Participant: 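Provided herewith is a single structure, encoded as structure tokens, for subsequent inquiry.
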Amino acid sequence: MEDSLSPVPLMGLTSGFWAFKTLATAVELGLFTRLADGREASLAEISSEMGLEPRPTRMLLTACASLGLLEKGGETYRNSALSEEYLVESRPYYFGDAVRYCDEREYVPWHRLSEALRTNRPLTWDPSSQDTPFTADDPVMTELFWKAMNSLSRATARVLASRYEFGEHRNVLDVGGGSGAYLIELCQRHPHLRGTLYDLPHVRPMAQERIAGAGLENSIDAVAGDFLQDAALPYGHDLILLSMVLHDWDEDTNRALLKKCYDALPAGGTVLICELLLNPERTGPPAAALMGLNMLVECEGGENYSEDEYVTWLNDVGFTDTQIIRFDAAGANGAVIGRRS
């Protein structure tokens, strides 16, 4: 055996859940929100406020500092810049809801990944009693999923808004737009845009509340619909956005949805698919590959697809001038773009 060959990388994979549960528990306890706005606190203060004994508090603080979530100065702790920006509840790009969703919805089912592999069935819901995981009757989805997607979408849209040229567009249709995070971010950064959010009826009130909270009622409409069941998508838009949507469904469903996009767009209209894209060889990157396994746990037919698969589907539907832009964001690593000639 080569001296340079070591099991250290395997240990990193083996203990990966330690880091996640440290983060999730700190979020659950409100640690980072307690230290908001540059506050510094001692071990004794934090221990008292969280109702924990000093020994476990010290271990948690040490672990958070080692992960770059806290900084220590003398005998006090404060948030790192990352935690201050994304893990304090009042912040506009608060990411704690995504952490909570993964912890409360996905963490335990992932322990049964081998079962999902053997049965080819999701583990977070029961297809024999539900038609879809996006039901209004599931309290976990209602309370956690849409907040988690807002966290992912807002952070991802922030990057996309600076990497794609939205100046050529005027009216954006966000298919499966959830809470409205994408349109809120895009319209705030590109005030000339007008947006239509299109999602399930029980999602619409949540979106309207967030749109109103952002003061964008005059820029963004929320329309109730079901992109799987409705015969056509709303017309009157020159850009259709599919963000973190296609990985939920199988190839046939996705091809059908892209055909609806094509039919709803005018000549020169654009569809933009924003996803964690696999490379053409399907060997990575890890974020896209692991999200694909997560779709096995969460969905009946979804998976993460390669960039060339999306290009092929777009071309087959009739889109031309396809291109790929790449970036690094929480919910996507790129976008595949097609135009209707």
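Computed from a predicted model, the values in this text were never measured in an experiment. Residue indices begin at 1 and follow the sequence shown.
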Participant: With a 4.5 Å limit on heavy-atom distance, are the side chains of Phe319 and Ile337 in contact?
Facilitator: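 Counting from C-beta outward, Phe319 and Ile337 never come under 4.5 Å.
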Participant: Would you say the side chains of Thr270 and Arg339 form a donor-acceptor pair under 3.5 Å?
Facilitator: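 Indeed, the side chains of Thr270 and Arg339 share at least one donor-acceptor pair under 3.5 Å.
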Participant: Any non-hydrogen side-chain atom of Leu242 less than 4.5 Å from a side-chain atom of Val271?
Facilitator: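 Yes, side chains in contact.
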Participant: For Lys260, look at atom NZ and say whether over 12 heavy atoms of other residues, nucleotides or ligands are found less than 6.0 Å away.
Facilitator: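 Check passes, neighbour count above 12.
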Participant: Please tell me whether Phe166 and Tyr164 form a close aromatic pair, meaning their ring centres lie under 6.0 Å apart.
Facilitator: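 Yes: the rings meet the under 6.0 Å criterion.
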Participant: Can you tell me how far the CG atom of Leu123 sits from the CD atom of Glu106, to the nearest 0.5 Å?
Facilitator: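 The CD atom of Glu106 is 10.5 Å from CG of Leu123, to the nearest 0.5 Å.
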Participant: Are side-chain heavy atoms of Cys64 and Tyr77 found at a separation under 4.5 Å?
Facilitator: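 Sidechains of Tyr77 and Cys64: no contact.
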Participant: In this structure, are over 12 heavy atoms from other groups packed under 6.0 Å from Asp328 atom CG?
Facilitator: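 For Asp328, atom CG is not crowded (no more than 12 foreign heavy atoms under 6.0 Å).
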Participant: Are any of the side-chain heavy atoms of Ser151 and Tyr101 separated by less than 4.5 Å?
Facilitator: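 They are not in side-chain contact.
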Participant: Please indicate whether Gln323 has more than 12 foreign heavy atoms, meaning atoms of other residues, nucleotides or ligands, lying under 6.0 Å from its CD.
Facilitator: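 Correct, the count exceeds 12.
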Participant: How long is the span from the CD1 atom in Ile46 to the CD atom in Glu40, to the nearest 0.5 Å?
Facilitator: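 Reported value, rounded in 0.5 Å steps: 10.0 Å.
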Participant: Does Glu85 come within less than 4.0 Å of Arg158, counting only side-chain N to carboxylate O?
Facilitator: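 The answer is yes: the pair qualifies as a salt bridge.
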Participant: Within the side chain of Trp125, is there an N or O that forms a donor-acceptor pair under 3.5 Å with the backbone of Glu298?
Facilitator: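 At least one qualifying donor-acceptor pair exists.
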Participant: Any chance the side chains of Asn279 and Thr283 put a donor and an acceptor closer than 3.5 Å?
Facilitator: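 A donor-acceptor contact under 3.5 Å links the two side chains.
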Participant: For Arg91, is there an ion pair with Asp37 - N to carboxylate O distance below 4.0 angstrom?
Facilitator: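 Result for this pair is yes, salt bridge flagged.
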Participant: If you define the side chain from C-beta out and look only at heavy atoms, does anything of Val27 sit under 4.5 Å from Tyr94?
Facilitator: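 When only atoms from C-beta onward are counted, Tyr94 and Val27 do touch, with a gap below 4.5 Å.
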Participant: Would a 4.5 Å heavy-atom cut-off, applied to side chains only, mark Arg34 and Glu49 as touching?
Facilitator: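 Touching, per the 4.5 Å side-chain cut-off.
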Participant: With side-chain contact (heavy atoms from CB on, under 4.5 Å) as the test, would you mind laying out the steps for Glu275 and Met291 before giving the verdict?
Facilitator: CA-CA 10 Å; Glu275 289 277 4; Met291 178 62 84; over 6 Å; no
Participant: Is Tyr235 close to Leu173 at the side-chain level, that is, under 4.5 Å between some pair of heavy atoms?
Facilitator: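 No, side chains not in contact.
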Participant: Roughly how far apart are Glu185 CD and His190 NE2, rounded to 0.5 Å?
Facilitator: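 Output value for this atom pair is 9.0 Å.
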Participant: In the single-linkage hydrophobic clustering (I, L, V, M, F, W, Y; side-chain heavy atoms under 4.5 Å), do Leu233 and Leu193 co-cluster?
Facilitator: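 Yes, same cluster.
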Participant: Testing Leu241, Ile240, Leu258 one by one against Ile273 for a side-chain contact (heavy atoms from CB on, under 4.5 Å), which residue passes?
Facilitator: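 Going through Leu241, Ile240, Leu258 one by one, the side-chain contact (heavy atoms from CB on, under 4.5 Å) with Ile273 is satisfied by Leu258 alone.
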Participant: Between CG of Leu246 and OG1 of Thr253, what distance do you get to the nearest 0.5 Å?
Facilitator: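 Here the rounded value is 10.0 Å.
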Participant: Provide the closest heavy-atom pair for Leu29 versus Met50 in the form atom of the first, atom of the second, distance.
Facilitator: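 What the structure gives for the nearest pair is CB-SD, 3.8 Å.
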Participant: Aromatic contact between Trp110 and Phe17, with the criterion being ring centroids under 6.0 Å apart: yes or no?
Facilitator: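 No; Phe17 has its ring centre 6.0 Å or more from that of Trp110.
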Participant: Does a donor on one side chain and an acceptor on the other come within less than 3.5 Å for Glu75 and Ser42?
Facilitator: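 Not at all, the side chains of Glu75 and Ser42 share no donor-acceptor pair under 3.5 Å.
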Participant: In terms of relative ring orientation, are Trp146 and Phe134 parallel, tilted or perpendicular, with 30° and 60° separating the classes?
Facilitator: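 Tilted: the ring planes of Trp146 and Phe134 meet at 30° to 60°.
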Participant: Could you tell me whether Lys21 sits above the aromatic face of Tyr107, with NZ or CZ closer than 6.0 angstrom to the six-membered ring centre and within 45 degrees of the axis?
Facilitator: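 Yes, a cation-pi geometry.
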